[in-house]
Peer 1: 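Right, I'll just put the structure down here and ask away after.
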Amino acid sequence: MTDRKYCLIDEKWIPVVGKGKVSLLDVFTDDSCRDIDGNAIQKIALIKLFVAIAQAAIQLNDRAEWEQVKAKGLASKVCEYLEARRDCFYLFGDKPFLQMPVLRNINGVKTSKIYYDYLPDLASDNDSILKESQVEHALSDAEKAVFIVQLMNYSLGGKRTSYIEPLTKNYSLKTNCAKAGPSIGGFDGYLQTCFMGESIIETVWMNYFTIEDIKSINPEMALDVSAPWEEMPKGEDDEIARRLKNSVYAWLIGLSRFVLLEEDGIKYVEGLQYQTSVKSGYFEPFITINLKEGKVLYSNTRIKPWRFLQAILQVAFDNTTSDFVCAVIKLFFDRIKNNTTEFRIWSGGLKARSTKGEQSVKQNDDYVESEITLDSSVDGVFFKHLCDSMVSLNGIAESLGKAIKNYQSSLKMQTENTGAAVYAFWTEAEKQFTDILDSCYDSTPERREEINSILVRKALKIYDRYCSHDSARQMLVWTKFRKISARRRNEKQ
């Protein structure tokens, strides 16, 4: 294993839509590499890795320097860095990428099998098998590389890891139940948000943190810190580990697991422990936090991320009254809007569940993601219209749910399928959401009213589907409660 040569700079291992697999060098030289392929966690984990490499390649002081370097200039600096640090990007060998060779010589570290597309983690014994990709198969080196990257910030909490004595002397926080990775959180799974450009190169440029940005988030953060692939910690709490936890790399490529790839699997133990509860002060710029209540937006298979767009964007238009703050939106929205003609906002994550510290994916848990495209002319008027439209959508959904409940209650029926009916409405609303966004640029209300009328008609069809009207008694009740309307913004919510 130590003699194998697999350099991530040159080898084709990164899944890209329409391209198959490409190398790190391809990502930073080929404008036609537009979007990362794979599930939501693979996408955000790889984007964060690329941003982390850019952060290691060059430190930009402020927005003026960011605007001056542009995406192409940043990519050029990254290519220079990759060539200079080529020895840091081998997947195997004496200095394997983001791995701990010391695990090879420690007794009690078992070698676990990897399920590549299943989770950003190893499979738990009681997890459900939902699809073919969860079934054991031989992993390619490319798949192993992606798996290593997604483990760093998105490993699930629990006992999947081997327990070993701490590598750092007198370190007392380690237990046989490993903490979750910082970017997924210890409960349902944080919803992540980032900007997307016309290429991966532009996406990295859009999400790059200047020194000014970092200091605005946390004035105490360390700046002169080597990237983890340059210098890995020797243990859970040595000087290198503490500096990494207090740097931009904690947001981008946190070492929540110490791992080592083997021929037949992976050696896998708990790494650095991060505070993952926002109530205890955890903060990451890619998650959206309600600062007043200490809550965060979680991934939810019943609520697609596009429905949170108003909350996510609010800080960009009304920072003084915003309950929710997504730091990448707060910091980057204005500068991106002023330096592009259009841009995309992506939100996604993994819906998981936690029981006594053991995170798992069961029943209807799954990956979620949404992407919306905005014109750079977007302004406060657009946001007001977006708020109005979301109030109307919620009003129709609530009106539909109430109508079905009243129908079923009057006929002494079970009301268990009300949620399914409302979900069916939101599925229809998602199909119209691009039209809704387009209508928000227009100062006249006619187009938005037309869309509302379309969605009310769709809601009525769903009502008809869930409320039978065959008998005379059913027809009477059906007619009585078949009233659905959109709520106005100034109405009681």
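Please read all numbers here as calculations on a predicted model, not as lab measurements. Starting from 1, each residue takes its place in the sequence as its number.
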Peer 1: Looking only at side-chain N and O atoms, does K19 offer a donor or acceptor that is under 3.5 Å from a partner on S32?
Peer 2: yes
Peer 1: Are T168 and D237 close enough that a side-chain donor and a side-chain acceptor fall under 3.5 Å?
Peer 2: no
Peer 1: Measure centre to centre between the rings of F97 and Y6, then say whether the value is under 6.0 Å.
Peer 2: no
Peer 1: Cation-pi check, R302 to Y423: give yes when NZ or CZ is under 6.0 Å from the six-membered ring centre and within 45° of the ring axis, no otherwise.
Peer 2: yes
Peer 1: Can a side-chain donor-acceptor contact be found between K48 and Q192 if the only test is distance below 3.5 angstrom?
Peer 2: yes
Peer 1: With a 3.5 Å cut-off and no angle check, do the side chains of N339 and E67 form a donor-acceptor pair?
Peer 2: yes
Peer 1: Is any side-chain heavy atom of Q359 closer than 4.5 Å to one of I184?
Peer 2: yes
Peer 1: Ring of W229, cation from R85 - is the NZ or CZ under 6.0 Å from the centre and inside 45° of the axis?
Peer 2: no
Peer 1: I'd like to know whether OH of Y298 has more than 12 heavy-atom contacts from other residues, nucleotides or ligands below 6.0 angstrom.
Peer 2: yes
Peer 1: Does atom NZ (K304) have a neighbourhood of more than 12 heavy atoms from anything else shown, all under 6.0 Å?
Peer 2: no
Peer 1: For the residue pair L255 and P233, establish whether any side-chain heavy-atom pair is separated by less than 4.5 Å.
Peer 2: yes
Peer 1: May I ask you to decide if the ring planes of F332 and F195 are parallel, tilted or perpendicular, using 30° and 60° as cut-offs?
Peer 2: tilted
Peer 1: Which residues pass the salt bridge (charged side-chain N to carboxylate O under 4.0 Å, His left out) test with D334, not counting sequence neighbours?
Peer 2: R63
Peer 1: Listed by chain and number, what are the salt bridge (charged side-chain N to carboxylate O under 4.0 Å, His left out) partners of D379, not counting sequence neighbours?
Peer 2: none
Peer 1: In terms of side-chain geometry, is the basic nitrogen of K215 or E212 positioned less than 4.0 Å from the acidic oxygen of its partner?
Peer 2: no
Peer 1: Give the intermediate values and the outcome of side-chain hydrogen bond (donor to acceptor under 3.5 Å, both in side chains) for residues D213 and S216.
Peer 2: CA-CA 5 Å; D213 296 330; S216 71; 5.1 Å; no
Peer 1: Within 45° of the axis and under 6.0 Å from the centre of the six-membered ring of Y90, does NZ or CZ of K95 qualify?
Peer 2: no
Peer 1: Could you list all the side-chain hydrogen bond (donor to acceptor under 3.5 Å, both in side chains) pairs where at least one residue sits in residues 193-207, not counting sequence neighbours?
Peer 2: T193-S347
Peer 1: So for atom NZ, which belongs to K110, do other residues, nucleotides or ligands contribute more than 12 heavy atoms lying within a distance under 6.0 Å?
Peer 2: no
Peer 1: Parallel, tilted or perpendicular for F433 and W306, by the 30°/60° rule?
Peer 2: tilted
Peer 1: Side chains of T341 and S376 only: does a donor on one sit below 3.5 Å from an acceptor on the other?
Peer 2: no
